[in-house]
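Worksheet: the structure to be examined is printed underneath.
Chain letters run A, B, ... following the sequence lines, proteins first and then strands; every chain starts at 1.
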Number of protein chains: 2
Amino acid sequence: MATDRRKMIVEAATKSFSLFGYKATTMDQVAKLANVGKGTIYTFFKNKEELFEEIISSLVKEMIAEADAAIQPDLPFTENVHHALYRLLAFRSQHQLMIKLVQEEAEMGTLAVSEMLQHVEDKIIAYLKQKIEAAIAKGAIPEANAEITSFLLLKMYIALVSDWERNHEPLSSEQIAEVMKVFLLKGLSL
Amino acid sequence: MATDRRKMIVEAATKSFSLFGYKATTMDQVAKLANVGKGTIYTFFKNKEELFEEIISSLVKEMIAEADAAIQPDLPFTENVHHALYRLLAFRSQHQLMIKLVQEEAEMGTLAVSEMLQHVEDKIIAYLKQKIEAAIAKGAIPEANAEITSFLLLKMYIALVSDWERNHEPLSSEQIAEVMKVFLLKGLSL
DNA sequence: AAAGTGACCAAAAAACCAAAATGGTCAAAA
DNA sequence: TTTTGACCATTTTGGTTTTTTGGTCACTTT
C-alpha cells in the first residue's frame, strides 16, 4: 500500500538521520532500512533534500504543539514565555535528530543542515513573535519590537542552555529559570 | 636598535594578521614586511603563537581601557553597563583584526584562532563580572550570579550586534540601545 | 662579542589523482 | 500502475607526491 511505503521511508530516514546525520545517510541505506527499492523513494520525494525537509517540517510542528501545550492562559505572560521556551528546549535536547544535526553543522558545516537549522530557528522565532505581538496588543507587556525581542529571547535561552556548556558545567533548570526571571521580570535595576 | 626592531615586527604581524588572518600569515612574510631577517623574530618571540598572543593581549588591554573610559561613576549602573558594552563592541567591529579572526574561525576553524577568541571572551566576561560584583556589593543592582549574568549580557550584545546581521539588516545603535534598555531596566513585565 | 640573518631541515599543508561511493534515472519486472 | 535495482554521471575518499611553512643555527655584520 502506498501510504504504508511512504511511512516506512520517512521512518527509516528519520532513524538514519538521527543516528548518522544528514550527509552520512545514503539513499541506498534508507531504501534498505525501509525495505523498499531505491526508486520507490523517488516516487514520493523529489530528492534527498525534500525528504529531509518533510521530516524537519513535522518535527517543527511537534515542537510548536509542545509549546502550545505548555501555555496556561491564566498565568502571566512572562510565566508562559518561560514555560514555553523551557519546554521547547527540553524537547530539543531530548531529540536525537536535533542533537545530531547541531553536531553535524558544528563539525562538518553541511550546507543542507545549516539551512535546515536556520529554518527551524526562523519558525521558532515566528512563533514567539506572534505570541509577543498578541501580548503587546492585550497590554500584557510593554511595547517593543516583537521581532527583535523574539530573536533575543531565543538567543538568551540558547546561550544559557547550549553555549554555556562549552566551558562550564551545565546549568540546572532552576539556575536558568532564575537568571531568565531576572531579565524578564525586573531587569538589572532595583 | 632592539626596541625598534621589536616594534617593527609587531606592527608588521598585526597588519598581516588583520589583512590575511592567522593561518595565511607566514613568518617569512612578517619578516619581509618588517624589514627584518626571519631569525630576528625568534629572538623576540618563541614562536608564531606567542607573537599572536602578544598582539591579542595588548588589543584586550586597549579594549578594557576603552570600557573604563566610557564609565561615568555618577551615572546609574545600568547606564554604565550599557555605555561600556556599547563602546566595547563599537571598538570590536571597528577593528580589522577582530573581524578577520572571527571570520577565520567561522570558515576555517583554525585552532589557534578559536583559542584566542575564547581567551578574549573570557577576559571581557571577567571584566564584566568584576563590575557586576562591585555593583551588587554596593546594592546598586539585585543579587544574582555574577558569572552567569556577565556571560548572558555579553551573549545578548553579540546576538544583537553580530548574529542578527546574518539574516537581517544591521540594527542601529539606537535600536540596540532600546532593546537592551528594556531587558536591563524593566524586564518584559509591566 | 653581540645582534642579525637567510639557507636549510623536518614537519605540515596543498595538490593531485585513481578508486570508491552516492544521488538520481529509467527500462524492465511485478 | 507501481516497484525495482542495475546503471551512469558526478562527487567524495584515501593515499601519494609536491610544495610550503615554522623554526634552527652556522655564519656574517656591526
Side-chain angles (χ1 to χ4, degrees), chain A residues 1-56 100-101 104-105 107-116, chain B residues 1-56 100-101 104-105 107-116:
Chain A
M1 184 188 302
T3 337
D4 230 46
R5 297 185 108 74
R6 197 179 199 284
K7 198 180 287 176
M8 301 281 297
I9 292 167
V10 170
E11 271 166 25
T14 303
K15 202 174 290 177
S16 185
F17 285 145
S18 302
L19 220 47
F20 308 114
Y22 178 75
K23 236 203 111 197
T25 291
T26 71
M27 295 305 261
D28 274 314
Q29 195 176 43
V30 172
K32 213 160 280 172
L33 255 170
N35 267 101
V36 146
K38 186 159 62 153
T40 307
I41 300 177
Y42 289 87
T43 66
F44 295 112
F45 303 95
K46 214 180 75 203
N47 53 36
K48 187 181 180 183
E49 199 148 350
E50 218 170 67
L51 172 59
F52 188 40
E53 251 171 57
E54 158 122 0
I55 289 169
I56 296 296
K100 196 71 200 183
L101 293 180
E104 182 172 351
E105 175 178 47
E107 66 194 31
M108 317 186 54
T110 315
L111 185 65
V113 170
S114 298
E115 287 173 356
M116 216 40 87
Chain B
M1 184 189 301
T3 336
D4 229 46
R5 298 185 107 73
R6 197 179 198 283
K7 199 181 287 179
M8 300 282 296
I9 291 167
V10 170
E11 270 167 25
T14 303
K15 202 174 291 178
S16 185
F17 285 146
S18 302
L19 219 47
F20 308 113
Y22 177 75
K23 235 204 113 194
T25 291
T26 70
M27 296 305 263
D28 275 314
Q29 194 176 44
V30 171
K32 212 160 279 173
L33 254 171
N35 267 100
V36 145
K38 185 159 65 155
T40 307
I41 299 178
Y42 289 87
T43 66
F44 294 113
F45 302 95
K46 213 181 75 202
N47 52 38
K48 187 181 178 182
E49 199 150 350
E50 218 171 67
L51 172 59
F52 188 41
E53 249 170 59
E54 158 122 0
I55 289 168
I56 296 296
K100 195 71 200 182
L101 292 180
E104 181 172 350
E105 175 179 46
E107 66 193 32
M108 316 186 53
T110 316
L111 185 65
V113 170
S114 297
E115 287 174 355
M116 214 42 86

Could you state the atom-to-atom distance from CD1 of A:Ile41 to P of C:dT25 in whole Å? 13 Å
When you check the phosphate oxygens OP1 and OP2 of D:dT3, does a side-chain N or O of A:Arg5 lie under 4.0 Å from one of them? yes
Approximate separation, where rounding is to 0.5 Å, of B:Tyr22 OH and B:Lys48 NZ: 5.0 Å
Taking the nucleotide of DNA chain D with the closest heavy atom to each, which residue, A:Thr43 or A:Lys23, is nearer the 5' end? A:Thr43
Distance, rounded to the nearest Å, where B:Asn47 contributes CG and D:dT21 contributes C1': 13 Å
Quick one: is A:Thr40 getting a side-chain N or O under 4.0 Å of the D:dT4 phosphate, OP1 or OP2? yes
Atom-to-atom span, CD1 of A:Ile9 to P of D:dT2 - whole angstrom: 14 Å
Any idea which heavy atoms bring B:Phe17 and B:Lys100 closest together, and the distance? O-CG, 3.6 Å
Could you check how far CD of B:Glu49 sits from P of D:dG22, rounded to whole Å? 12 Å
Using side-chain contact (heavy atoms from CB on, under 4.5 Å) as the criterion, point out the one residue from A:Leu51, A:Leu101, A:Thr14 that pairs with A:Ile56. A:Leu101
For B:Gln29 and D:dT20, give me the distance from atom CD to atom P, rounded to whole Å. 14 Å
Residue pair A:Arg5 / A:Thr40, side-chain heavy-atom distance below 4.5 Å: yes
Nearest-nucleotide 5' precedence on DNA chain C, B:Val36 against A:Ala24: B:Val36
How close or far is atom P of C:dA13 from atom CG of B:Leu111, stated in whole angstroms? 11 Å
To the nearest Å, how far apart are A:Asp28 CG and D:dA6 P? 10 Å
Figure out the NZ/P separation between A:Lys32 and C:dA21, and round it to whole Å. 12 Å
Could one point to a donor on the side chain of A:Lys38 or the base of C:dG23 with an acceptor on the other under 3.5 Å away? yes
